[in-house]
Amino acid sequence: MIDFDRLAGRLVAFSRILAPISAAAVALGCLSTPAAAAPTRYPLEVSNCGQTVRFDRPPQKIVSIGQGMTEVLFSLGLADKIAGTAVWVGPVLKEFEAENRKIKRLADNDPSFESVVGEAPDLVTAEFEWHVGSQGSVAKREQFEALGINTYVSPADCVAKVNADGGDGVRKQLFTMDLIYQEIRELSQIFDIQGRGDALIADLKKRESDAVASIRGARLGDIPVVFWFSSKEVEGDAFVAGKNSAPAYILKTLGARNVVTTDEEWPLVGWETIASANPSVIVIATMDRRLYAADDPAVKIDFLEKDPVTSQLEAVRNRRFIQMDGQSMNPTIRTIDGIETLAHGINAFGLSQ
């Protein structure tokens, strides 16, 4: 079994090393590049997840809740404005290791409301509405507003998505990268750095296009795939990607089929049900987190190969396991990493033939 996540990661890291060069070319004004966006005019009002947020100037001090949100801020060159972070699944993107070491980590998981406001931020950003929202595990947006602190929640977690149950939520429409691009554009406007946002979006779109081109001509529509994030108990039901999730977008982009058909973002599904679809490929989440019994990818694979039901699956008998960073399975800039990782796996397994 090949760790495709690591293989793709090397190429991704190289691409990101070149990204600043590409951004510089954009800044110099290549003839084919559209005119630069107009600077932000303050006060600026942004409609965000059902609330209107007003900015009288660019925020000066941020607390970022959610690894995906933090990595977007890093990618926009805003590390010097981040006072604290929380909710981490795994290591930060390699190119941001130095910056990340300088920033206080308030908690690996949910931070307390007191620890967030203790950093005196003028903006709190959140990857997930369950942390900062109507049922926020950290706080409601109104609690921050009462203290004069603005909040911004990723559109990917609230557009056509219901988070009322406090869990992973129900997504009514297929997630697309357009929601991440919306987030990048809005944050770029809030901080008046539109050029950086445009360059980042252009790089992400090119990487997606290149990944699709790498398996061009493949007929993958009949290849069933399941994304397994984790399980509370190793032999229990599995958290697998729903039909409108970020992994579903990865599959649609590459032309493969999700074996799960529910609207829930990460439904708990029994292995007997998964076995009835007999997936040809199992994508296994990797992470440093050890919250659940099956967070460790080695534990996942050991179960798949020894369980009397799962050991008979086509993917298991042929050892078609693709290890993918858990953050690539969330709606983030790393969703593009996920597309690249799955494309590498499809080619390596000969499924694109």
Side-chain angles (χ1 to χ4, degrees), residues 8-41 44 46 48 58 64 66-82 92-96 99 125 127 152 154-157 159 174-216 246-247 249-250 252-255 325 327-344:
R10 291 172 183 162
L11 297 177
V12 171
F14 182 69
S15 168
R16 288 186 175 128
I17 290 170
L18 295 180
I21 299 174
S22 300
V26 170
L28 290 173
C30 296
L31 293 178
S32 60
T33 303
T40 301
R41 297 182 62 181
L44 170 70
V46 177
N48 174 243
S64 179
Q67 181 173 348
M69 174 64 72
T70 302
E71 290 179 342
V72 169
L73 295 171
F74 283 159
S75 298
L76 289 171
L78 295 170
D80 62 332
K81 295 186 180 296
I82 303 175
V92 70
L93 288 167
K94 192 169 183 61
E95 63 267 34
F96 302 126
E99 290 94 332
T125 58
E127 181 177 351
Y152 180 88
S154 174
D157 201 53
V159 174
L174 178 67
F175 162 81
T176 73
M177 282 298 295
D178 287 342
L179 292 173
I180 300 301
Y181 300 149
Q182 177 185 338
E183 175 181 332
I184 292 170
R185 289 191 185 99
E186 289 175 348
L187 288 170
S188 299
Q189 188 177 23
I190 290 167
F191 287 93
D192 195 17
I193 51 170
Q194 287 87 333
R196 298 184 203 173
D198 291 345
L200 176 58
I201 291 169
D203 179 63
L204 293 170
K205 287 184 174 181
K206 183 181 185 304
R207 287 173 51 202
E208 178 174 335
S209 176
D210 289 347
V212 172
S214 74
I215 59 168
R216 186 159 290 152
Y249 174 75
I250 292 172
K252 181 177 181 181
T253 300
L254 295 178
D325 189 283
Q327 273 297 91
S328 299
M329 298 186 185
N330 283 327
T332 69
I333 57 174
R334 290 208 199 193
T335 302
I336 301 298
D337 297 26
I339 294 172
E340 293 169 329
T341 299
L342 185 59
H344 279 297

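Numbers here are sequence positions counted from 1.
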Exercise. Is there side-chain contact between Ile336 and Ile180, with heavy atoms separated by less than 4.5 Å?
Worked result: no
For this session: Measure from the side-chain N and O atoms of Thr341 to the backbone N and O of Gly338, and report whether any donor-acceptor pair falls under 3.5 Å.
Result: no
For this session: Of all the heavy-atom pairs spanning Pro331 and Ala246, show the shortest one and how long it is.
Result: N-CB, 3.8 Å
For this session: Answer yes or no: is there a donor N or O on one side and an acceptor on the other, between the side chain of Glu99 and the main chain of Ala79, under 3.5 Å?
Result: no
Exercise. Would you find a donor on one side and an acceptor on the other, under 3.5 Å apart, between the side chain of Asp192 and the backbone of Thr40?
Worked result: yes
Exercise. Are Thr125 and Leu73 close enough that some pair of their side-chain heavy atoms sits under 4.5 Å apart?
Worked result: yes
For this session: Can you sort out the partners of Phe74 under ring-ring contact (aromatic ring centres under 6.0 Å, His included), two or more places apart, ordered by chain and number?
Result: Phe96
Exercise. Within the side chain of Ser75, is there an N or O that forms a donor-acceptor pair under 3.5 Å with the backbone of Glu71?
Worked result: yes
Problem set entry | Those residues that, when tested against Gln327, pass side-chain hydrogen bond (donor to acceptor under 3.5 Å, both in side chains) (two or more places apart) | Asn330
Problem set entry | Nearest heavy atoms of Leu254 and Ala343, plus distance in Å | CD1-N, 3.7 Å
Exercise. Should Glu183 and Met69 count as side-chain neighbours, where that means a heavy-atom distance under 4.5 Å?
Worked result: yes
Problem set entry | Heavy-atom pair with the smallest gap, counting every atom of Gln189 and Gln194 | CA-NE2, 3.9 Å
For this session: Tell me, please, which residues at least two apart from Tyr249 pass ring-ring contact (aromatic ring centres under 6.0 Å, His included).
Result: Phe175
For this session: Apply the side chain to side chain contact (heavy atoms under 4.5 Å, CB included) test between Ile333 and each candidate in Ile201, Asp203, Ile184; give the one that qualifies.
Result: Ile184
For this session: Tell me, with the steps shown, if Phe191 and Arg196 meet side chain to side chain contact (heavy atoms under 4.5 Å, CB included).
Result: CA-CA 10 Å; Phe191 287 93; Arg196 298 184 203 173; over 6 Å; no
For this session: State, with a plain yes or no, whether a side-chain heavy atom of Pro58 is found less than 4.5 Å away from one of Lys81.
Result: no
